[in-house]
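Okay, so here's the structure we're looking at.
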Amino acid sequence: MSTDFIFGLHSVSAFMERHPEDVLELFVLKDREDQRMTPLIQQARKSGISVQFCQRKTLDEKVDGAQHQGVVAKARLSDAGDEHDLKRILDTQAQPFLLILDGITDPHNLGAILRSADAAGVHAVIAPKDRAAKLTAVVRKVACGAAEAVPFIAVTNLARTIRELKDAGVWVLGAAGETETTIYQASLSGPLALAMGAEGDGLRRLTKELCDGLVKIPMFGAVSSLNVSVATGICLYEAVRQRTTS
């Protein structure tokens, strides 16, 4: 575990609800005890967490000027999981539902993706350790608590992990614009890992080659692509639809 600041009402509330023992201090904007903040302050005091009321400048300095919504928490944060954690998840899930992120570097996109993944019931989000966004405070804020709920697995070699998933019976489907198969034509039930690439570049060549199949989201308007977090949400919920109706 590492110690860092998390911020934002949703992010701090979700973290405190799930891991109150890991919240070391709560810093709240002075004179802000409204209907959104008061329950959080009460929860902190009930859990024995020190609450300090600060000027806005003090809060700004703790989070390097990020939008903190008047609340910052100093907390012990779990690091990303690894290949061993992924194996434990595979061993405990009869129908694993996984999300692979290949080269997602924008923390806002990662946070939004984690939020969608948690809502869709994804068992783990897998990403490479290098050249990819990490679980930063910004990611946690955008994720609105999902970063504490859905396992985030950082692997050393994404290609090797994909091969191991396939050996374990997981069907790996990659999102790519050059295929003719749409997400609505593919079978997304059973053990599944959806692979999403970086916006603009898409999946890397080796990742695409390792996938069992490729799918695309049909586009009918003037734009040729979607933001990766939006595209991920669409793909995940088509999988949810099929997995809950099959």
Side-chain angles (χ1 to χ4, degrees), residues 78-106 109-110 113-114 116-118 120-135 139 146-147 149-217 225 228-229 231-240 242-243 246:
S78 297
D79 298 323
D82 58 19
E83 289 85 350
H84 298 290
D85 298 298
L86 179 58
K87 186 178 185 305
R88 281 194 290 270
I89 292 169
L90 292 174
D91 289 343
T92 57
Q93 297 295 336
Q95 300 286 324
F97 182 23
L98 308 171
L99 176 62
I100 297 170
L101 303 179
D102 185 18
I104 306 301
T105 57
D106 186 285
N109 278 337
L110 177 57
I113 288 170
L114 289 173
S116 294
D118 178 50
V122 168
H123 297 125
V125 175
I126 303 164
K129 286 182 179 178
D130 299 325
R131 294 184 294 278
K134 308 294 191 293
L135 279 182
V139 170
V150 60
F152 182 73
I153 308 295
V155 299
T156 303
N157 187 314
L158 186 60
R160 182 175 63 205
T161 297
I162 291 174
R163 292 188 185 98
E164 291 171 350
L165 290 175
K166 293 168 67 172
D167 290 342
V170 177
W171 186 255
V172 181
L173 281 182
E178 59 264 35
T179 182
E180 293 303 315
T181 305
T182 74
I183 191 72
Y184 307 113
Q185 296 168 326
S187 174
L188 306 177
S189 57
L192 175 69
L194 284 171
M196 307 296 298
E199 191 172 348
D201 295 334
L203 295 172
R204 289 176 295 173
R205 179 189 57 80
L206 180 56
T207 303
K208 282 192 286 190
E209 290 177 355
L210 288 171
C211 288
D212 293 302
L214 299 175
V215 294
K216 69 177 181 180
I217 297 171
S225 65
V228 65
S229 64
T232 300
I234 291 170
C235 292
L236 288 178
Y237 268 89
E238 173 57 19
V240 169
Q242 292 190 24
R243 297 166 78 85
S246 59

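Note: hydrogens, waters and symmetry copies are ignored here, and every other heavy atom, side chains too, is used. Position 1 is the first residue of the sequence, and the numbers go up from there.
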Is the backbone of Lys129 close enough, under 3.5 Å, to the side chain of Lys134 for a donor and an acceptor to pair up by distance?
yes
Can a salt bridge be assigned to the pair Asp91 and Lys87 using a cut-off of 4.0 Å between side-chain N and carboxylate O?
yes
Before giving the answer on side-chain contact (heavy atoms from CB on, under 4.5 Å), spell out for Val122 and Asp118 the whole-Å C-alpha distance, their side-chain angles and the decisive distance to 0.1 Å.
CA-CA 6 Å; Val122 168; Asp118 178 50; over 6 Å; no
Inspect the contact between Glu178 and Lys208 and indicate whether a charged nitrogen and a carboxylate oxygen are less than 4.0 angstrom apart.
yes
Decide yes or no for Phe152 and Leu110: does some side-chain heavy atom of the first lie under 4.5 Å from some side-chain heavy atom of the second?
yes
Pairwise side-chain contact, Thr181 with Lys216, heavy-atom cut-off 4.5 Å (strictly under):
no
State, to 0.1 Å, how close Met196 and Ile104 come at their nearest heavy-atom pair, and which atoms those are.
O-CD1, 4.4 Å
Taking C-beta and beyond as the side chain, do Pro96 and Leu192 meet within less than 4.5 Å on heavy atoms?
no
Test side-chain contact (heavy atoms from CB on, under 4.5 Å) on Thr161 and Thr156 and set out the steps.
CA-CA 8 Å; Thr161 297; Thr156 303; over 6 Å; no
Determine whether a donor-acceptor pair (N or O, by modelled atom type, separation under 3.5 Å) exists between the side chain of Arg131 and the backbone of Asp102.
no
Is it the case that the side chain of Lys166 and the backbone of Leu210 share a donor-acceptor pair, with hydrogens and angles ignored and the cut-off at 3.5 Å?
yes
Report the C-alpha distance between Leu236 and Leu194 in whole Å, list the side-chain angles of each, state the deciding distance to 0.1 Å, and finish with yes or no for side-chain contact (heavy atoms from CB on, under 4.5 Å).
CA-CA 8 Å; Leu236 288 178; Leu194 284 171; 4.0 Å; yes
